[in-house]
Chemist: 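Structure below; questions to follow.
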Amino acid sequence: MSSHEAHEAQEPETPHLDFQGTTPYEDYVKADVLTHLQHTLSDDPGEMVFLVTTQVMELWFTVIVHEWETAAGALRSDDVPTAVAALKRSVRQLEALNASWKPLGQLTPAQFNSYRSALGEGSGFQSAMYRRMEFLLGDKSASMLVPHRGAPRVHAELEKALHEPSLYDEVLRLLARRGHAIPSAVLDRDVSRRYEPSEEVEAAWTALYSGPENDELARLGEALTDVAELVWRWRNDHLVATRRAMGAKAGTGGSAGVAWLEKRAQKNVFPELWTARSHV
């Protein structure tokens, strides 16, 4: 065998290149659709970064909703390991979501103003998928369906989510089935309303955290706390990025801007998981 033939024999095989129609990769990922969804409305080159980053956030919202709905379904079936696995996956996804602020986190007011008018009345609080995330966390509000009345499918999905138990509702129902003293006022509450903290629920978490660390429900509590911490970081990163880009000016879509975000950032997700720690 000549040296040329030997060299050719060592070369890796050429991948399959000839397909009828689109590639299997395109058929699965729909990359051509994704990469042609960017329609900027200004001449500023920074608008593309803002638009793509926002679209990436929407995709992460979609994955996280899927994970939390998977966890809620598993909890209804008393399958704690499957629920914890879904929550742990969502932690990695929340970390990636939070990293999405990096391209936007250092916008100056001049940079943001150069394409801000392209947003018109558009605002992140109008995101239907983010609203589903909030509903799953127990932050329910019927008024948040109003912006979506013109989109029947989206409105129907949000209305369904509004009237379904949140992820935390399913957790507390599981605790009750396992013998913990969760009051009927919590178990039978109107799940379409925002969850309010309960001293009895706090006492249940205090008892769990005072027991063995490897207890299945204690591990569930820690997985939920990881989620809650990253949701808090998301809200704070949003606040900081907005404050840096536009100061205290009114937000797009008629929101109060930084004031609205400050109020959101002060709220804890799964509140008794935090307050119970003071009693352990």
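Numbers for residues simply follow the sequence, beginning at 1. Here the structure is a predicted model, which means the values were calculated and not measured. Atom set for the values below is all heavy atoms of this structure, side chains included, hydrogens, waters and symmetry mates excluded.
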Chemist: Using a strict 4.0 Å threshold on nitrogen-to-oxygen distance, state whether Glu157 and Arg131 make a salt bridge.
Modeler: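 Looking at Arg131 together with Glu157, the answer is no, because their closest N to O distance does not fall below 4.0 Å.
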Chemist: Taking side chain to side chain donor-acceptor pair (under 3.5 Å) as the definition, give me every residue that meets it alongside Ser42, ordered by chain and number, with sequence neighbours left out.
Modeler: Glu47
Chemist: Strictly by ring pair (Phe, Tyr, Trp, His ring centres under 6.0 Å), give each pair with a member in residues 182-217 just once, sequence neighbours left out.
Modeler: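 Output for this query lists Tyr168-Tyr195.
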Chemist: What's the separation between atom NE2 in His163 and atom CG in Leu158, rounded to the nearest 0.5 Å?
Modeler: 11.0 Å
Chemist: Give a yes or no on this: more than 12 heavy atoms of other residues, nucleotides or ligands lie within 6.0 Å of atom CD of Glu95.
Modeler: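 More than 12 heavy atoms, drawn from other residues, nucleotides or ligands, come within 6.0 Å of this atom.
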Chemist: Would you say the side-chain atoms of Arg277 and Thr225 include a donor-acceptor pair closer than 3.5 Å?
Modeler: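 There is such a pair between these side chains.
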Chemist: Do side-chain atoms of Glu67 reach the backbone of Arg89 as a donor and acceptor pair under 3.5 angstrom?
Modeler: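 No, because the side chain of Glu67 does not come within donor-acceptor range (under 3.5 Å) of the backbone of Arg89.
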Chemist: Applying side-chain contact (heavy atoms from CB on, under 4.5 Å), can you list everything that pairs with Asp79, at least two apart in sequence or on another chain?
Modeler: Ala74, Pro81, Thr82
Chemist: Please check if atom NZ in Lys102 has more than 12 non-hydrogen atoms from other residues, nucleotides or ligands closer than 6.0 Å.
Modeler: no
Chemist: Take Glu134 and Arg235, measure what salt bridge (Lys or Arg N to Asp or Glu O under 4.0 Å) needs, and give me the verdict at the end.
Modeler: CA-CA 12 Å; Glu134 293 279 8; Arg235 291 173 175 175; 2.8 Å; yes
Chemist: Extract all donor-acceptor atom pairs below 3.5 Å that involve side chains of residues 178-188 and protein atoms in other chains or at least two apart in sequence.
Modeler:
unit_1: Arg178; atom_1: NH1; unit_2: Glu216; atom_2: OE1; d: 3.1
unit_1: Arg178; atom_1: NH2; unit_2: Glu216; atom_2: OE1; d: 3.4

Chemist: With a cutoff of under 4.5 Å between side-chain heavy atoms, which Ile, Leu, Val, Met, Phe, Trp and Tyr residues group with Phe19?
Modeler: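 Noted: Phe19 shares its cluster with no other residue.
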Chemist: Would you please name every residue forming a side-chain contact (heavy atoms from CB on, under 4.5 Å) with Thr108, sequence neighbours left out?
Modeler: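 By the side-chain contact (heavy atoms from CB on, under 4.5 Å) rule, Thr108 matches Ala110, Gln111.
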Chemist: Any Lys/Arg nitrogen of Asp169 or Arg189 sitting under 4.0 Å from an Asp/Glu carboxylate oxygen of the other?
Modeler: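 Salt bridge present between Asp169 and Arg189.
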Chemist: Starting at CG of Leu87, measure out to CG of Leu220 and round the result to the nearest 0.5 Å.
Modeler: 6.5 Å
Chemist: So among Val56, Thr54, Val49, which one has a side chain to side chain contact (heavy atoms under 4.5 Å, CB included) with Val52?
Modeler: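 With Val52 as partner, Val56, Thr54, Val49 yield a single side chain to side chain contact (heavy atoms under 4.5 Å, CB included), made by Val56.
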Chemist: So, does Gln126 use its side chain to make a donor-acceptor pair with the main chain of Pro147 at under 3.5 Å?
Modeler: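 Checked: no pair found.
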